[in-house]
Amino acid sequence: MPELPEVETVCRRLATCLPGLVLDDIEIGDPLVSAQSGDELRAALRGRRVVALRRRGKYVIIELEGVLLVVHLRMTGRLLLAPDAGGRPVRFVARFRPATDLLFYDTRRFGRVWAVPAADENRFFAALGPEPFGAEFTTAYLRGALKGRTAPLKSFLLDQRRVAGVGNIYADEALFRARLHPVLAAGAVGPGEAQRLHDALLETLQLGIDHEGASIESFVDPAGERGAFQEILNVYGRVGEPCRQCGAAVERIELGGRGTHFCPACQPLPRGRRLAAGGRAALARRREAQRLAGVGAQPRPPAAPRAGGGGPS
DNA sequence: AGTGGCTCCTGGCGGC
DNA sequence: TGCCGCCAGGAGCCAC
């Protein structure tokens with residue numbers, strides 16, 4: 001899933017070849033990819049020169065003279081500098097002069113593209129929170145944003161209005177690095193913990209960028225290269241595997257409809273901490289699932305009908 | 001206003 | 001072997 005580090009990787013790769021080229025044509029292969037028609041996109045973009053490549057949150061911004069070609073990869077979107085489609089359906093193609101085609105593939109068809117007048121950039125991104133690496137994203141900002149929130153910490157991190165660019169993988173990894181449990185109520189995070197979370201977010205995202213992203217599903221950069229961050233993940237996608245720090249089995253719960261991975265030993269939930277309502281429910285669901293699966297139960301105790309020990313609740 | 005559930009979409013996988 | 005049903009999840013929408 002392309003998040004900030006993957007999108008940054010895409011932008012850096014495109015920045016080596018697109019600036020200076022002139023957009024010659026746009027072809028829409030899947031109407032779902034844009035609310036704007038092919039004609040509208042062409043009218044807005046054709047004949048304009050690429051000035052720069054930028055990123056805002058998880059959005060790729062191809063900055064042309066006076067207008068932005070904005071792409072969101074969502075789940076499975078891929079921008080490739082490829083000579084041909086290789087048989088896969090192409091959602092859109094941007095053709096540049098001289099002789100450079102940028103192809104957009106997207107298996108699940110969630111990805112979107114927009115032509116945005118440069119003057120409307122702020123309005124277009126108005127709902128996005130600060131950039132993690134921007135001057136605005138300080139520990140003080142994070143403390144203020146967390147204050148009073150009752151949602152789980154994990155859900156808070158996924159909310160693009162609070163901080164832009166964090167997705168499921170980097171949220172789980174940052175919480176592990178900060179040694180914070182994902183079901184803690186966001187507003188219950190103390191000042192020292194907010195500092196840890198702030199630092200952990202930046203370190204985790206930077207590590208992702210350094211490794212050119214995580215190639216978990218289908219992510220590859222525009223040259224078709226895979227990232228390497230998936231090789232050093234601490235918790236994401238490692239359910240049941242030993243924590244790299246302490247050896248405890250990594251656990252998984254579902255929070256806000258998203259798979260959430262954590263180490264129960266490195267990210268403990270001290271008694272008395274305020275949990276998010278959704279977090280409590282998630283932990284209860286996991287306990288129930290474990291009970292049904294017989295996890296933790298000793299190999300079939302003969303006839304002893306549910307002796308109370310460590311029982312439900 | 002904040003929270004959380006539902007929806008979109010399809011390849012891949014587990015189960016029967 | 002083949003088919004069915006479920007799962008993954010970013011972000012927008014909606015109900016409470």
Side-chain angles (χ1 to χ4, degrees), chain A residues 1-8 10 29-35 55-60 70-79 86-92 104-114 123-129 132 144-173 182-189 205 208 213-220 230 233 235-240 252-261 274-286 289 292-293:
Chain A
M1 299 127 266
E3 304 178 28
L4 186 154
E6 288 75 28
V7 176
E8 180 70 23
V10 168
D30 178 3
L32 203 55
V33 82
S34 181
R55 177 191 59 70
R56 177 77 173 93
K58 301 175 194 171
Y59 294 82
V60 175
V70 178
V71 182
H72 198 306
L73 306 172
R74 292 282 182 96
M75 297 289 302
T76 53
R78 295 161 64 172
L79 283 169
R88 289 164 298 189
V90 179
R91 306 304 172 189
F92 83 84
F104 183 66
Y105 303 101
D106 186 14
T107 303
R108 284 181 213 166
R109 304 174 70 198
F110 285 159
R112 297 290 181 268
V113 56
W114 302 261
R123 203 182 324 159
F124 185 81
F125 292 116
L128 271 191
L146 288 163
K147 194 174 178 192
R149 311 236 168 252
T150 58
L153 198 44
K154 165 70 180 282
S155 306
F156 172 90
L157 292 179
L158 294 182
D159 189 340
Q160 302 301 298
R161 294 169 299 178
R162 311 301 166 208
V163 53
V166 179
N168 211 34
I169 298 171
Y170 292 89
D172 282 2
E173 292 296 314
V183 309
L184 262 183
V189 169
L205 292 170
S215 291
I216 301 254
E217 294 223 348
S218 58
F219 173 74
V220 289
Q230 71 280 3
L233 291 173
V235 286
Y236 184 85
R238 298 191 64 242
V239 199
R252 180 187 190 278
I253 54 175
E254 191 176 310
L255 258 188
R258 299 290 167 261
T260 297
H261 313 74
R274 184 151 50 89
L275 306 192
R280 257 196 307 276
L283 291 177
R285 278 196 304 273
R286 185 197 45 164
L292 291 174

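In what follows, chains are A, B, ... by sequence order, proteins preceding strands, each numbered from 1. All of these numbers come straight from a predicted model, not from anything done at the bench.
Spacing between atom CD of A:E3 and atom P of C:dG10 amounts to 6 Å, rounded to whole angstrom units. Rounded to an integer number of Å, the gap from A:L157 CG to C:dG10 P is 12 Å. The interatomic distance linking A:F110 (CZ) with C:dC7 (C1') rounds to 12 Å, in whole Å. The distance from atom CE of A:M75 to atom C1' of C:dC7 is 10 Å, rounded to the nearest whole Å. Computed from coordinates, the A:N168 CG to C:dC7 P distance equals 16 Å when rounded to whole Å. In this structure, A:L73 places its CG atom 17 Å from C1' of C:dA8, rounding to the nearest Å.
Using a 4.0 Å heavy-atom cutoff across all strands shown, A:G148 reaches no nucleic acid atom at all. Contact annotation for A:R91: no contact, since no heavy-atom pair falls under 4.0 Å across all strands. Looking at heavy-atom distances under 4.0 Å, A:G167 makes no contact with the nucleic acid at all. Within the nucleic acid shown, A:S155 has no heavy atom closer than 4.0 Å to any nucleic acid atom.
For A:T260, the side-chain hydrogen bond (donor to acceptor under 3.5 Å, both in side chains) partners two or more places apart in sequence, or in a different chain, are A:K154. Taking the salt bridge (charged side-chain N to carboxylate O under 4.0 Å, His left out) definition, one finds that A:R109 meets it with A:D30, sequence neighbours left out. The side-chain contact (heavy atoms from CB on, under 4.5 Å) check on A:R161 picks up A:D159, with sequence neighbours excluded. Residues forming a ring pair (Phe, Tyr, Trp, His ring centres under 6.0 Å) with A:Y170 (at least two apart in sequence, or on another chain): A:F229. In this structure, the side-chain contact (heavy atoms from CB on, under 4.5 Å) partners of A:R55, at least two apart in sequence or on a different chain, are A:L4, A:V7, A:E8, A:C11, A:E131. Residues meeting the side-chain contact (heavy atoms from CB on, under 4.5 Å) test with A:V113, sequence neighbours left out: A:V33, A:S34, A:L69, A:V71, A:F92. Residues forming a ring pair (Phe, Tyr, Trp, His ring centres under 6.0 Å) with A:F125 (at least two apart in sequence, or on another chain): A:Y59. Under the salt bridge (charged side-chain N to carboxylate O under 4.0 Å, His left out) criterion, A:R238 pairs with A:E241, not counting sequence neighbours.
At the phosphate of C:dA8, neither OP1 nor OP2 sits under 4.0 Å from any side-chain N or O atom of A:Y236.
In the 5' to 3' direction, nucleotides of DNA chain B lying under 4.0 Å from heavy atoms of chain A begin and end at B:dG2 to B:dG11.
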Kindly give the atom pairs (protein nitrogen or oxygen, nucleotide nitrogen or oxygen) under 3.5 Å for nucleotides 11-16 of chain C.
unit_1 : atom_1 : unit_2 : atom_2 : d
C:dA11 : OP1    : A:H72  : NE2    : 2.4
C:dA11 : OP2    : A:K58  : NZ     : 3.0
C:dA11 : OP2    : A:Q160 : NE2    : 3.4
C:dA11 : N6     : A:R258 : NH2    : 2.8

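In plain terms, the two heavy atoms of A:T150 and A:A276 that are nearest each other are O-CB, 3.2 Å. A:P2 and A:G77 get closest at one heavy-atom pair: CG-O, 4.2 Å. Residues A:A186 and A:F156 come closest through the heavy atom pair CB-CB, 4.0 Å. When all heavy atoms are compared, the tightest approach of A:F110 to A:D106 is N-OD2, 3.0 Å.
With the nearest nucleotide of DNA chain B identified for both A:R109 and A:A276, A:A276 has the one nearer the 5' end. The residue among A:A277 and A:L32 whose nearest nucleotide of DNA chain B is located toward the 5' end is A:A277.
In the helix from B:dG2-C:dC16 to B:dC16-C:dG2, the end axes, each obtained as the rotation axis mapping the C1' atoms of four pairs onto the next four within a five-pair block, lie 50° apart to the nearest 10 degrees.
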